[in-house]
Amino acid sequence: MSFNHVAIIGLGLLGGSIGLAVREHLPEVTTTGYDADAKVRERARERALAGTIADDPAEAVRGADLVILCVPVGAMEAAAAAIAPGLQPDAVVSDVGSSKISVSQSLARALPEHVIIPAHPVAGTEQSGPDAGFASLFHHRWCIITPPEGAPEDKVEALTTFWRGLGSTVEIMDAEHHDRVLAVTSHIPHLIAYTIVGTASDLEEVTRSEVIKYSAGGFRDFTRIAASDPVMWRDVFLNNRDAVLDMLDRFLTDLAMMREAIKAGDGEMMFDQFSKTRAIRRRIIEHGQDDARPDFGRHDHD
């Protein structure tokens, strides 16, 4: 099977990018969209983020065979309940959330009679809102699909084909494993970025103007991450709490070891650790997950 009508609920960076990517790569697919913010809906119409922008969530999903919820993970259950009156019985409901166990449980509670196949496109920028989306966001990026036990194989395959059509490389993964992997690769790095930027801002010895004026490359990278949507990331940490706390404990143990190495003047230990992490960076570039150029290949997409 394939999808003919995709409804997008939430028209920020990810939802808007899905709409634009479908228009560019799957022009035969009908799209409808909805956002709870009237100003976002107005801007979505101006940018044509979907073929039709509805003013009611249930109306947005009428006739859709695939519905993608692009809202913060803490809002998934309410968004699912809002679309329920308009859902076709055989529609697939998916999402783009960064934590999968909590989303699976929320959607199952709200839509117990419907097929739910969660997904997570591992793509994004620090920008948010209806002006942030662009059609190439998913090119050469992973999309992790976490189907629950008993999910219809043909619909899992259809969702896989859909994301491949937008340029993604698809991986099927258990939801619990997904949450542990993303806690390491995404959630903890964001937590560190938010914390270190906050620490720099709060230090009485360093004025905010000096933090900005003398920002070195490493700190600038932290500020880019720390500029991400605070609502979205608050919900991620609350909804992936167990995995984040587990990985945070491991990180704090490793950080304490590094502190002791610095205190003891153990240059050999530091050199070995830095060499290992440098090799990981090279592997990320080799796998096409980033760019070795000075600007990391991040160009203006508008």
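Nothing fancy with the numbering, it's 1 onward along the sequence. Predicted, not measured: the structure shown is a model, and the values here were computed from it.
For Arg45 (side chain) and Ile53 (main-chain N/O), a donor-acceptor pair under 3.5 Å exists by modelled atom type. Thr125 places a side-chain N or O within donor-acceptor distance of the main-chain N or O of Gln127, the cut-off being under 3.5 Å. Formation of a donor-acceptor pair under 3.5 Å by the Ser94 side chain with backbone atoms of Ile117 is found in this model. The backbone N or O of Asp35 sits less than 3.5 Å from a side-chain atom of Arg41, completing a donor-acceptor pair. Looking at Ser186, its side chain never comes within 3.5 Å of a backbone N or O of Leu182 through a donor-acceptor pair. Of the possible polar contacts, one joining the Ser17 side chain to the Phe134 backbone as a donor-acceptor pair under 3.5 Å is found. Looking at Arg47, its side chain does come within 3.5 Å of a backbone N or O of Pro130 through a donor-acceptor pair.
Neither Val236 nor Ile101 shares a network with the other; the hydrophobic side chains, linked directly or stepwise wherever heavy atoms of I, L, V, M, F, W or Y lie under 4.5 Å apart, form separate groups for each. One hydrophobic cluster, built from ILVMFWY side chains closer than 4.5 Å, holds both Val244 and Ile196. Note on Leu245 and Leu252: separate hydrophobic clusters, where clusters join Ile, Leu, Val, Met, Phe, Trp and Tyr whose side-chain heavy atoms are under 4.5 Å apart, directly or indirectly. Residues Ile172 and Phe138 share a hydrophobic cluster, clusters being chains of Ile/Leu/Val/Met/Phe/Trp/Tyr side chains in contact below 4.5 Å. Side-chain heavy atoms closer than 4.5 Å link hydrophobic residues (I, L, V, M, F, W, Y) into clusters, and following such links, possibly through other members, connects Leu20 to Val29.
Between Ala64 and Ala91, the shortest heavy-atom contact is O-CB, 3.5 Å. The heavy-atom pair separating Met232 from Pro72 by the smallest distance is CA-CB, 4.3 Å. Nearest approach of Val71 to Gly10, heavy atoms of both residues: CG1-CA, 4.3 Å. Nearest heavy-atom pair, Ile18 versus Cys70, reported as atom, atom and distance to 0.1 Å: CD1-SG, 3.8 Å. Here the closest non-hydrogen pair linking Arg141 and Val122 is CB-O, 3.7 Å. Closest approach of His25 and Gly165 over heavy atoms only: CB-O, 3.2 Å.
With contacts defined as side-chain heavy-atom distances shorter than 4.5 Å, the pair Val184/Phe251 does not qualify. By the 4.5 Å heavy-atom criterion applied to side chains, Thr30 and Asn4 are not counted as neighbours. Side-chain contact check for Ser168 versus Trp142: every heavy-atom pair is 4.5 Å or farther apart. At a threshold of 4.5 Å between non-hydrogen side-chain atoms, the residues Pro148 and Ser104 do not count as touching. Proximity of Glu59 to Tyr34: side-chain heavy atoms (C-beta onward) are nowhere separated by under 4.5 Å. For the pair Leu13/Leu137, a side-chain contact is recorded, criterion being any heavy-atom separation below 4.5 Å from C-beta on. Taking 4.5 Å as the limit, every side-chain heavy atom of Glu171 sits out of range of all side-chain heavy atoms of Cys143. No side-chain heavy atom of Pro85 sits under 4.5 Å from any side-chain heavy atom of Leu87.
For Lys39 and Glu42, the salt-bridge test fails: no basic side-chain N is under 4.0 Å from an acidic carboxylate O. At a threshold of 4.0 Å, the pair Asp90-Lys155 does not count as salt-bridged, since none of the basic side-chain nitrogens sits closer than that to a carboxylate oxygen. Of the charged side-chain nitrogens involved, at least one lies within less than 4.0 Å of a carboxylate oxygen, so that Arg250 and Asp254 count as a salt-bridged pair. The pair Arg43-Asp37 does not meet the salt-bridge criterion, since no charged nitrogen lies less than 4.0 angstrom from a carboxylate oxygen.
Glu176 CD: 12 or fewer foreign heavy atoms inside a 6.0 Å radius. Taking a 6.0 Å sphere around CD of Glu268, one finds it holds 12 or fewer heavy atoms contributed by other residues, nucleotides or ligands. No more than 12 heavy atoms of other residues, nucleotides or ligands sit less than 6.0 Å from atom CE of Met257.
Atom CD1 of Ile116 is separated from atom OG of Ser106 by 9.5 Å, given to the nearest 0.5 angstrom. In this structure, the separation between NE2 on His178 and CD1 on Ile145 is 11.0 Å, given to the nearest 0.5 Å. The line from CD1 of Ile225 to CG of Leu191 is 11.5 Å long, rounded to the nearest 0.5 Å. Atom-to-atom distance recorded for Leu248:CG and His187:NE2 is 13.0 Å, nearest 0.5 angstrom. Taken to the nearest 0.5 Å, the OG atom of Ser102 stands 8.5 Å off from the CE atom of Met76. Atom CE in Met247 sits 10.0 Å away from atom OG1 in Thr185 (nearest 0.5 Å).
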| field | Arg180/Asp174 under salt bridge (Lys or Arg N to Asp or Glu O under 4.0 Å): CA gap, chis, key distance, verdict | value | CA-CA 10 Å; Arg180 289 181 62 80; Asp174 173 76; over 6 Å; no

| request: Mind running side-chain contact (heavy atoms from CB on, under 4.5 Å) on Glu28 and Leu26 for me, showing each step along the way? | output: CA-CA 5 Å; Glu28 72 282 1; Leu26 305 171; 4.1 Å; yes

| request: Using the side-chain contact (heavy atoms from CB on, under 4.5 Å) rule, take Leu69 and Val96 through it: C-alpha gap first, then chi angles, then the decisive distance, then the call. | output: CA-CA 7 Å; Leu69 300 176; Val96 296; over 6 Å; no

| query | Going through the checks in order, is the side-chain contact (heavy atoms from CB on, under 4.5 Å) test met by Phe3 and Val92? | reply | CA-CA 9 Å; Phe3 298 117; Val92 172; 4.0 Å; yes

| Between Tyr194 and Trp233, does a ring-ring contact (aromatic ring centres under 6.0 Å, His included) hold up when you go through it step by step? | CA-CA 10 Å; Tyr194 280 121; Trp233 281 99; 7.1 Å; no

| field | Verdict with supporting geometry, Phe162 and Val22, side-chain contact (heavy atoms from CB on, under 4.5 Å) | value | CA-CA 9 Å; Phe162 171 79; Val22 170; 3.8 Å; yes

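The side-chain hydrogen bond (donor to acceptor under 3.5 Å, both in side chains) test with Lys100 singles out one residue from Asn240, Asn239, Asp95, Asp179, and that residue is Asp95.
A donor-acceptor pair shorter than 3.5 Å can be found between the side chains of His5 and Thr32. No side-chain donor-acceptor contact under 3.5 Å links His120 and Thr146.
In this structure Asp266 satisfies the salt bridge (Lys or Arg N to Asp or Glu O under 4.0 Å) test with no other residue, sequence neighbours excluded.
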